[in-house]
Amino acid sequence: MARSVIDILSEKGLLSKEAALEVRKKIKDSGASLDDVLAKQGMREEVVVEAKSELTGLPVVQLLGKKVQFEVLKQIPEESARFYRFVPIDKKEGVLEIGMVNPEDVKAQDALKFIANRLGLTFKIFLISPNDFSAVLSEYKSLGGEVTKALSEFEKEASVEEQVRRAGRGKEAAGSTFVEEAPITKMVTVILRHAVEGRASDVHIEPTLTELRVRFRVDGVLYTSLILPHDVHDAVVTRIKVMTNLLIDEKRVPQDGRFHARINEKEIDFRVSTFPTSMGEKVVLRILDPESGIATLEGLGLNGRNLKVVLENIKKPYGMILVTGPTGSGKSTTLYAILQILNQESRNIVSLEDPVEYYVSGVNQSQVRPEIGYTFATGLRHILRQDPDVIMVGEIRDKETAELAVHASLTGHLVLSTLHTNNAIGAIPRLIDMGVEPFLIPSTIACVMGQRLVRRLCDDSKKEVIMEGRIREIVEKEIQSLPAGYEDLKKKPPQKIFEGVISPTCPKGSKGRIGVFEALEMTPDLEHIILDEPTELKIIGEAKRQGLITMRQDGILKVAKGEIGLGELLEVI
């Protein structure tokens, strides 16, 4: 009699003779699968899979939450995978790696050979557990799976269109199918829905020489989510242009626009930018959720001295609060958190934004439209006639806006705005470079903040790292350079820190982002520096005298608390 999995388990003492007889009887009487019967007996899946490997000589692979890429998943239809209990798990150098639950199934082997011959691929079989099999099956319902179906429909329509064209019925009737009919519409809808569900801030649709790449930016990092055939590029871009009301035929110059869509019962705004490249138009969509809650300053990661400085300065009746940093560093989110604090019935708050990212009840928010001449500068002139107490200007981009913002703060208004500089200290030289007279700055600026966003460690999957070598040197150097008030930490620096680990519950090793901040306030000493010699070196000296905690130091404090990893911090600062 041929040896079986049950025999192997019995030989290893994992099944008693009585239990083995019972398993065989249940399989015979009920027709249930070996895996199901052994699972009910309390046998662990990995033990059963190892026994199958010993019997068949096939290697075992544990997927551990691994996501199967779209281009791999599409090789085998969902129906075939479900029926024959095998799934594609990877593709390397023309070899399709297949995960099978029951490799002894002759029909499944024949079906696999047929599919491989049709694709012109060789295949390699691995043993996987029923749980891993189910997990890969669920991927067919994910982004890759849903797009696979839409892509299949698109290819069918392309075939129909080619037949119609050959029949000589004219291009116009056939060509309209690509943009208006369901497959491309469904494909774009699925991409946007998964971007929103996956907490992406941006979607990049990029043509290459042979394919169309779709990437999502999650927690500040771009990840490739889909690789589509290059043939669908024009149809996808056209669909997005139709939704955004952009010029479909204009492919030579960049275009900008926005549209909104209802996704998962929420109204989501999308800001769209097209950009001509040598391979075709690239499209970037920024995802804005106007209904999402506005975080508090503490929730954003502002604490200690930095929080104290900001809270003290926003209580002033006039002056300018500036938030600095590069694009995507969370400046607007910080301004909204400040607005939430200032938003009271006794105040008239007016904002100029591009775009309006969050709606704040009680705040008069206005969207600038440069294409019709309604710019930040134009809007500021009119805002001053609206009897405002607090003015928020989305960004100071030019001399005119800077001068008007300075004028507004000098005439009894609290002005909130953002500026593109590397840090808080660089804001003063930047304003002077933009044409603001140095003697106006001391009586204008109340506080300047600098910030960056760093990936936050996932509590479920972070692991301890012993500080030694270069890591210890970096952390202890920053801790020793902290201003007064951190003596205990200086005497006893942390011995361990944390770093992110990829896990099934946290596939990217991080979950969300947190800010690292610095806050410079106007003081009599800083006023003298600005009026006499406003060099960055002298401003840094005054910042240290104030007890400023730099973004790097603030980040190290968060590393010591286990909120962020040192690697993540050093990537940003």
Side-chain angles (χ1 to χ4, degrees), residues 288-303 306-324 330-369 374-397 400-419 424 427 431 436 440-449 451 515 517 519-522:
L288 307 169
D289 184 357
E291 298 177 9
S292 64
I294 298 171
T296 62
L297 289 174
E298 294 89 340
L300 294 174
L302 200 63
N303 51 39
N306 291 331
L307 178 61
K308 182 183 175 184
V309 168
V310 173
L311 291 178
E312 284 178 354
N313 281 281
I314 64 175
K315 290 176 184 175
K316 294 179 178 178
Y318 57 87
M320 191 183 294
I321 310 287
L322 289 176
V323 184
T324 69
K331 301 186 297 296
S332 297
T333 306
T334 301
L335 288 185
Y336 280 114
I338 294 173
L339 276 187
Q340 283 285 79
I341 299 171
L342 297 172
N343 189 14
Q344 298 174 10
E345 188 179 355
S346 59
R347 291 192 179 102
N348 177 24
I349 303 176
V350 187
S351 75
L352 286 170
E353 304 175 49
D354 184 23
V356 176
E357 295 188 22
Y358 303 97
Y359 295 120
V360 185
S361 178
V363 176
N364 304 286
Q365 296 172 268
S366 182
Q367 164 81 50
V368 301
R369 300 191 182 280
Y374 182 38
T375 62
F376 284 120
T378 308
L380 254 176
R381 288 196 189 90
H382 290 279
I383 277 181
L384 294 174
R385 300 170 195 160
Q386 288 286 314
D387 185 32
D389 297 297
V390 179
I391 300 169
M392 185 177 102
V393 181
E395 184 184 341
I396 294 176
R397 297 176 179 171
E400 188 178 11
T401 306
E403 288 178 340
L404 286 166
V406 166
H407 174 70
S409 64
L410 286 171
T411 53
H413 305 94
L414 186 62
V415 179
L416 312 176
S417 192
T418 68
L419 198 62
L431 286 173
V436 177
L440 293 174
I441 293 176
S443 50
T444 300
I445 300 292
C447 168
V448 181
M449 299 169 61
Q451 71 175 77
F517 299 88
L520 176 71
E521 58 183 336
M522 188 58 65

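Taking the side chain as every heavy atom from C-beta outward, Leu416 and Leu342 approach each other to under 4.5 Å. Counting heavy atoms from C-beta outward, Leu384 and His413 have side chains that approach closer than 4.5 Å. Contact annotation: the side chain of Ser366 never approaches that of Val350 to less than 4.5 Å [non-hydrogen atoms, C-beta and beyond].
Every residue was checked against the side chain to side chain donor-acceptor pair (under 3.5 Å) condition with Asp389, not counting sequence neighbours, and none meets it. Every side chain to side chain donor-acceptor pair (under 3.5 Å) that Thr378 has, sequence neighbours left out, goes to Thr375. Taking the side chain to side chain donor-acceptor pair (under 3.5 Å) definition, one finds that Tyr318 meets it with nothing, sequence neighbours left out. For Lys308, the side chain to side chain contact (heavy atoms under 4.5 Å, CB included) criterion is met by Glu312, not counting sequence neighbours. By the side chain to side chain contact (heavy atoms under 4.5 Å, CB included) test, Leu307 is found to be paired with Leu297, Glu298, Leu302, Leu311, residues two or more places apart in sequence or in another chain being considered. In this view, Glu353 and Tyr336, Ser351, Gln365 satisfy the side chain to side chain donor-acceptor pair (under 3.5 Å) rule, not counting sequence neighbours.
The side chain to side chain contact (heavy atoms under 4.5 Å, CB included) test with Leu322 singles out one residue from Leu520, Ile445, Thr418, and that residue is Ile445.
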**Q.** Worked verdict on Ile349 versus Met392 for side-chain contact (heavy atoms from CB on, under 4.5 Å)
**A.** CA-CA 8 Å; Ile349 303 176; Met392 185 177 102; 5.7 Å; no

Q.
Before you tell me yes or no, could you show the steps for Asp354 and Gln367 under side-chain contact (heavy atoms from CB on, under 4.5 Å), namely the whole-Å CA-CA distance, both residues' side-chain angles and the distance that decides it to 0.1 Å?
A. CA-CA 6 Å; Asp354 184 23; Gln367 164 81 50; 3.2 Å; yes

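Heavy-atom minimum distance, Val448 versus Ala424: CG1-O, 3.5 Å.
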